[in-house]
Amino acid sequence: MDFSYTTFDLNAVLRSVAVSFFKSFEERKIIPVLSIAEISFPFYGDEKAVTRIFENIISNALSHGKSDYHFSSYDDNENYHFSFQNFTDSINESDIDKIFNRFYTTDLSRSRKTTGLGLTIAKNLTVKMGGSISASLNNNVFEIVVCFPKQKG
């Protein structure tokens, strides 16, 4: 993927992507909790790539999550953080280290016929723009956190 760098608002992208999934959540009778900062998170990067990152993560959450969806953003002195959480019963602690590997699907999620590429693509795009991505599991709450560095100056 060739990148086209511009300055844009990361929070606006997250809001737009979350809204684009509204019908899918509605069909499952789910209302995700959105805690997106009301301030702008200006970032110099590729907006289409960030859109793809957020789409892949939310799509993965819909495919493999069960309930309690929560998408949020916050910042600190160095980075913008984006958290995607959901309750799941198809991921185990042993899956976490492999979750971003190409074609990896958990044993419990194989019946859902996914390619296992969504989170790999999200990681590759995030890293290519200087960001980081991590996953964790705590009491069956699966979380992916994407961080992008704040621009200096």
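In this text, all values refer to a predicted model and were calculated from it rather than measured experimentally.
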Quick check: does any side chain N or O of D76 sit under 3.5 Å from a backbone N or O of E78, one acting as donor and the other as acceptor?
yes
Contact between F82 and L10 at the side-chain level, heavy atoms closer than 4.5 Å - yes or no?
yes
Hey, what do you get for CG (N11) to CD (E38), rounding to the nearest 0.5 Å?
10.0 Å
dist L14:CG -> S72:OG (nearest 0.5 Å) comes out at 8.5 Å
Would a 4.5 Å heavy-atom cut-off, applied to side chains only, mark E143 and F84 as touching?
no
Just by distance, with hydrogens left out, do S83 and H70 show a side-chain donor and acceptor under 3.5 Å apart?
no
Going by side-chain contact (heavy atoms from CB on, under 4.5 Å), name the residues that satisfy it together with L34, two or more places apart in sequence or in a different chain.
A18, I36, F71
Return the orientation label for the Y5 and F3 ring planes: parallel under 30°, perpendicular over 60°, tilted otherwise.
tilted
Close side-chain approach of F142 to Q85, heavy-atom, < 4.5 Å
no
Restricting to ring-ring contact (aromatic ring centres under 6.0 Å, His included), what partner residues turn up for F87, sequence neighbours left out?
none
Look up atom NZ in K123 and atom OG in S132, then write down how far apart they are to the nearest 0.5 Å.
10.0 Å
Residue list, salt bridge (charged side-chain N to carboxylate O under 4.0 Å, His left out) with K66, at least two apart or on another chain
D89
Can you tell me if D75 and H81 form a side-chain donor-acceptor pair at under 3.5 Å?
no
Under 3.5 Å, is there a donor-acceptor pair between the side chain of S16 and the main chain of V13?
no
Shortest non-hydrogen separation from P149 to G130 and the atoms involved:
CD-O, 3.4 Å
Give, for atom OG1 of T88 and atom CG of L137, the distance between the pair rounded to the nearest 0.5 Å.
7.5 Å
Reported CG-to-OG distance for the pair N86 and S67, which is rounded to 0.5 angstrom
8.0 Å
Tell me whether V145 shares a hydrophobic cluster with Y69, the cluster being built from Ile, Leu, Val, Met, Phe, Trp, Tyr side chains joined at under 4.5 Å.
no
Salt bridge (charged side-chain N to carboxylate O under 4.0 Å, His left out) partners of residues 15-26, not counting sequence neighbours, each pair once:
none
So which heavy atom on A37 is nearest to which on S73, and how close?
N-OG, 2.9 Å
In the structure I gave you, are the side-chain heavy atoms of I133 and L119 within less than 4.5 Å of one another anywhere?
no
Is there a side-chain contact between F148 and T126, using heavy atoms and a 4.5 Å cut-off?
yes
Show me, pair by pair, the donor-acceptor contacts under 3.5 angstrom made by side chains of residues 39-62, not counting sequence neighbours?
from : atom 1 : to   : atom 2 : distance (Å)
D46  : OD1    : K48  : N      : 3.0
D46  : OD1    : A49  : N      : 2.7
D46  : OD2    : S4   : N      : 2.5
T51  : OG1    : E47  : O      : 2.9
N56  : ND2    : G118 : O      : 3.1

Residues two or more places apart in sequence or in another chain: which of them pass side-chain contact (heavy atoms from CB on, under 4.5 Å) with V19?
none
